[in-house]
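Only one structure is covered here, and it is reproduced in the block below.
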Amino acid sequence: METLLSPVVLFFVLGAFAALVRSDLAIPEAIGKGISLYLMVAIGLKGGVEVAEAGFTLELLVAAAAGIALSFILPLPVFVVLRRVGKLSGVNAAAVSAHYGSVSVVTFVTGLEILTRQQIPAAGYMVAVLALMETPAIVSGLLLAQRYGGAEPRPMGDLLHETLTNASVMLLVGSFSVGLIVGKDGFSSIAPVFEGAFRGVLCLFLLEMGLIAAKRLREGKSLTPRLIALAIATALTNGTLGVLLGAAIGLDAGTAAALGILAGSASYIAVPAAMRLALPQADPGLYLGMSLAVTFPFNILVGIPIYIWIAQQVVR
Amino acid sequence: METLLSPVVLFFVLGAFAALVRSDLAIPEAIGKGISLYLMVAIGLKGGVEVAEAGFTLELLVAAAAGIALSFILPLPVFVVLRRVGKLSGVNAAAVSAHYGSVSVVTFVTGLEILTRQQIPAAGYMVAVLALMETPAIVSGLLLAQRYGGAEPRPMGDLLHETLTNASVMLLVGSFSVGLIVGKDGFSSIAPVFEGAFRGVLCLFLLEMGLIAAKRLREGKSLTPRLIALAIATALTNGTLGVLLGAAIGLDAGTAAALGILAGSASYIAVPAAMRLALPQADPGLYLGMSLAVTFPFNILVGIPIYIWIAQQVVR
Amino acid sequence: METLLSPVVLFFVLGAFAALVRSDLAIPEAIGKGISLYLMVAIGLKGGVEVAEAGFTLELLVAAAAGIALSFILPLPVFVVLRRVGKLSGVNAAAVSAHYGSVSVVTFVTGLEILTRQQIPAAGYMVAVLALMETPAIVSGLLLAQRYGGAEPRPMGDLLHETLTNASVMLLVGSFSVGLIVGKDGFSSIAPVFEGAFRGVLCLFLLEMGLIAAKRLREGKSLTPRLIALAIATALTNGTLGVLLGAAIGLDAGTAAALGILAGSASYIAVPAAMRLALPQADPGLYLGMSLAVTFPFNILVGIPIYIWIAQQVVR
Amino acid sequence: MTLPGTERTRVEILVDAPLVPQMIALLSKHAIRGHTVMPTLSGEGEAGVWDDDLITSAQHKVIVLVVAEPDKADAFIEDIRPLLDSYGLIVMLSTINVLRPEKFA
Amino acid sequence: MTLPGTERTRVEILVDAPLVPQMIALLSKHAIRGHTVMPTLSGEGEAGVWDDDLITSAQHKVIVLVVAEPDKADAFIEDIRPLLDSYGLIVMLSTINVLRPEKFA
Amino acid sequence: MTLPGTERTRVEILVDAPLVPQMIALLSKHAIRGHTVMPTLSGEGEAGVWDDDLITSAQHKVIVLVVAEPDKADAFIEDIRPLLDSYGLIVMLSTINVLRPEKFA
Ligand SMILES: Nc1ncnc2c1ncn2[C@@H]1O[C@H](COP(=O)(O)O)[C@@H](O)[C@H]1O
Ligand SMILES: Nc1ncnc2c1ncn2[C@@H]1O[C@H](COP(=O)(O)O)[C@@H](O)[C@H]1O
Ligand SMILES: Nc1ncnc2c1ncn2[C@@H]1O[C@H](COP(=O)(O)O)[C@@H](O)[C@H]1O
Ligand code: NA
Ligand code: NA
Ligand code: NA
């Protein structure tokens, strides 16, 4: 409850409200894009500086391996459920499943904020795990589309290049490295922008996200009640799996919760663009509707507190 | 005088100067829009936090009623003068009068800055009054257009919806509420963005406003000397009325001055867009010329200090 | 070496890396333009405030005269070398030479950052020198084009107007003046934006600059190895001349280095736009390629440390 | 010269941004479901010079592009004729060929 | 009415931003070197309403404008026909006159 | 197929942003008062690839759209012919129908 009253979440609610009452409020596209680049740089730097302080640890490696495994494997059960229960075509089920294997940067960042507020911070290296989880799911999704959806195989080289050089991976890994190199001292001179301003800018971004998610929910033609239910169930299942895996490999409560948040979140920036390119016959209204209009708000309002609660139960 | 040397006003002058010497200086549209959204969020939050501290008071309710009344009523005398003295058509006079009943957020914010510099701050709840004054004038203006300008009546439901959900009302009321909920404690983590950065960002916005106002003054085809004089006289009269009403209902000097600034200011964002939609036959060159190119700069450079001075005389 | 590990330079490298591996990372045009306006305002204010503290001095006048002279004269030898060694046509050589006589704001700002890190700050008035050096080179370049390139003469009045009112000159001189007027006290309320945020924002801008410069280098059709070599040699020669002139007129090491950085830098914002207008027959691929894709990164990574080193040797 | 595809009418309407919803409502009145809105930067006409300054969208203009069957387009055109002056519309009509004619019925 | 210049085919393709590189690759397969990409703001079609919200370019549409010799344009058109449905393309063809015909060979 | 309205010449000029004022000056020399400027995002031609990177408007291209009487348009076209190569202009001409022909005299 207290979580729901943080400024960040309240601004999300304000944006959603404005869209639902059909206000003409809109944030210019360039501003939204600029803020999302800023958030990735800030979170990358922060992670890098923290790892520079704490040093590389075995724990980091284990968490990274867990993240990559989740991103690769989660699309499989999601695909099966979407086909059987959701009655989606092979190509559509594959495209959606890639979104759920991958992650949402903003969900993660909002989760970190809430964890910090609750005094159970996650480890700094989770930013690296975030970056590592972005793309394996794309590969899984495309393999599923080729095997079960009749999609034409694409050259693996192209695919690898696109996923490794996509903007979010580039920015997250890049600024993580900058943070690692400059360390706490070098960071101090740029901290007013990347640390001091972080929460305020995040508020503005969640205002925008609320607007977009609610607008899409209102206009979404492809979303049936069944698919909405599946989008929520998938988030909950994946998130719980993430927390449990985190606990199993020995992460502390905050860090296990963060892994759960990553697993439970669904991509709506990098993966949709990749799917539009690689599987043009899949329906963007479907995968953007499920990830952006259902799973994202669900996680911000309900999912994150649940994953944190589970983590607090299973880790001690 | 000292007022004119505040950075905020100097940047306005710089922008106007650049436009008058036909510099190619221009601020990208998206940046300007982004800044204006930021200013509304920041001012709304600030007001909400202050009211959270001070509590709801009778004074707040009285000031709100005064503001709404001013916004409803001021268009009437303005309409009569514009028809008689300004020789405007019924529709044009109605459209312009709506602008003068409504308010300018940036004029208000600049006024608050100057009041703070002079150590006679206005009450935090004036942000709520600002939001309440945005739209009644639109209703008055349209009623005038229907009765005296032969404009077709529009369904009141539509009109109400548009004015209540317009972007500025949404943002001001929304972030006021967020401020109210989170209070001073919740605000502290986002204060670097919404408080620390406020004055600097306002400078950049007034640079842009100077550019736009002066460019419009230079290019304005619809502006005659008579209309320019009316734009100034209307601001002065409305502003003085606002201060006097404020004093009459027992507001302190800073708060009465703020009510004067609101009454004396004219809208140039929300109302023009509403008028273009509801009264397409009215001349936008006219209403934007008067409000944006004449009244706005007049208030920034001359009007605000006058309203403050009057408030200091009548309130003790 | 230590210079290369400042966050500002690392972000430049990150941007260049992203472009070289053909990442889809891109910063929206409006954000980039907005940041570049911000940087000019911030640097102008800072310079103005510093001169308000230190007062106008003879040294300032001498440095200004030196800057103007460099900007006027440097295009001449550059023109000769580009024609003889570079085998460029008269018009192209003239257009390129104007870029090298003029200056790059971002190179200057990055140089100031590095000087500050190394504890040998440059004098505040160098911002004024920067503004003064922007345009004389444009005049020289056009005169060269008319005399040796067969370009049609343009009315000098037009030219003067365009160069004196161009956006960067306007912003630099304007905010320098604002800084001068408000002084340290007036500046303090806007310092969080224009001082506190400066380094962080500069990082984001250099990320963008790295992207653009490397992309242009990759795609540049007009760039031959010979021209690349000339772009580097010209920067080094001009930069060295600038430092030596600075030392000769008695500037301290930091300030002489700053004059060298200005002389060694090449414009890629104001001058290309002026050349496209005044010499449309010149090849923009050529002058933007040399100044933006070669000289700019060279100066950021190699040139600035060299000019500083020379300044430390010759001034004591 | 013959082009591939089937002939349709292309209607381009330059209109102030706040009036776009009205245009779209008129389109759907004529059972024309598709349209695309395109941005503009600046312009000049009898009413003077304008550009996309941020402060208000009141004078910000966009182009609404509509491809439709000739008969439907004609009927739509008749309907906006009375608005031309008060809304300050510029309307351009041409015949183009499209590849999936059933989409532009 | 006769226009100055030489006739060429103007092809305008409304396409999702992520698919633009694919379109350009197809153009160069047909030895058509020139093109210009133009922005759009919003639209509506059978797949519903969209606008250029920031979050992803997946549904952000642009118009690829190509001027080419009629024969080359025809061959290119044949090549994108199979993609029309899966890519959701809108293609408009018209004949225009250009002033430097050798540039649009 | 006949379209409603009156025929006019539509001229579209792809030009670098810094040269737009020059184009407008030429238009008014021919007593053509109206025009609309439209943005573009990127393109490719003989001079290579470009996109709207922020750093300078030197190579940022826009389209100037002009509707005019055929005779005036022809005279204007003759005047820009000598600039085509040095300015790197792309000019497209077509005949369209407009609804208020007196506005495009
Ligand atoms: N001849 C023209 N060619 C292209 N656009 C025009 C023309 N005349 C007017 N326009 C556009 O239509 C807008 C309104 O025109 P007007 O109603 O004449 O002021 C102008 O601001 C231009 O953007
Ligand atoms: N009749 C039309 N006129 C103009 N644009 C259209 C039309 N139909 C569709 N479009 C555009 O093409 C996009 C895709 O159409 P659809 O595949 O029918 O959803 C729409 O979102 C519009 O932007
Ligand atoms: N065939 C074409 N179709 C559409 N646009 C073109 C074409 N050729 C050139 N352009 C545009 O015109 C610009 C200049 O062309 P060029 O002078 O050939 O480099 C290019 O960058 C494109 O934006
Ligand atoms: Na996930
Ligand atoms: Na008012
Ligand atoms: Na130089």
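In what follows, every chain begins at residue 1, and chains take the letters A, B, ... in the order their sequences are listed.
Interface with chain F: from residues 86-93 of chain E, no residue qualifies, criterion being any non-hydrogen pair under 4.5 Å.
Using a 4.0 Å cut-off between charged nitrogen and carboxylate oxygen, E/Glu69 and E/Lys72 do not count as a salt-bridge pair. Residues F/Glu46 and E/Arg100 are not paired through a salt bridge, judged by the lack of any N-O separation under 4.0 Å between the basic side chain and the carboxylate.
Side-chain atoms of F/Arg10 do not come within 3.5 Å of backbone N or O of F/Leu65 as any donor-acceptor pair.
Taken to the nearest 0.5 Å, the NZ atom of F/Lys103 stands 14.0 Å off from the OG1 atom of F/Thr6. We find the CG-CG distance between E/Leu83 and E/Leu26 to be 6.5 Å, quoted to the nearest 0.5 Å. Distance CD1/F/Ile24 to CZ/F/Arg33: 10.5 Å, rounded to 0.5 Å. Here the CG-CD1 distance, from E/Leu19 to E/Ile13, works out to 11.0 Å after rounding to the nearest 0.5 Å.
Proximity to chain F is absent for every atom of E/Leu27, based on heavy atoms less than 4.5 angstrom apart. E/Val20 does not touch chain F: none of its heavy atoms, backbone or side chain, sits under 4.5 Å away. In this structure, no portion of E/Val64 lies under 4.5 Å from any heavy atom of chain F. For E/Ile63, no part lies near chain F; criterion is any non-hydrogen pair under 4.5 Å.
With respect to chain E, the highest number of heavy-atom pairs below 4.5 Å among F/Lys61, F/Glu12, F/Met38 belongs to F/Glu12. Listed options F/Thr40, F/Ile77, F/Asp74, F/Leu84 were ranked by heavy-atom pairs under 4.5 angstrom with chain E; first place goes to F/Leu84.
Here the side chains of E/Val62 and F/Leu41 are in contact, with some heavy-atom distance below 4.5 Å.
Counting only N and O atoms by type, the side chains of F/His30 and F/Asp79 include a donor and acceptor under 3.5 Å apart.
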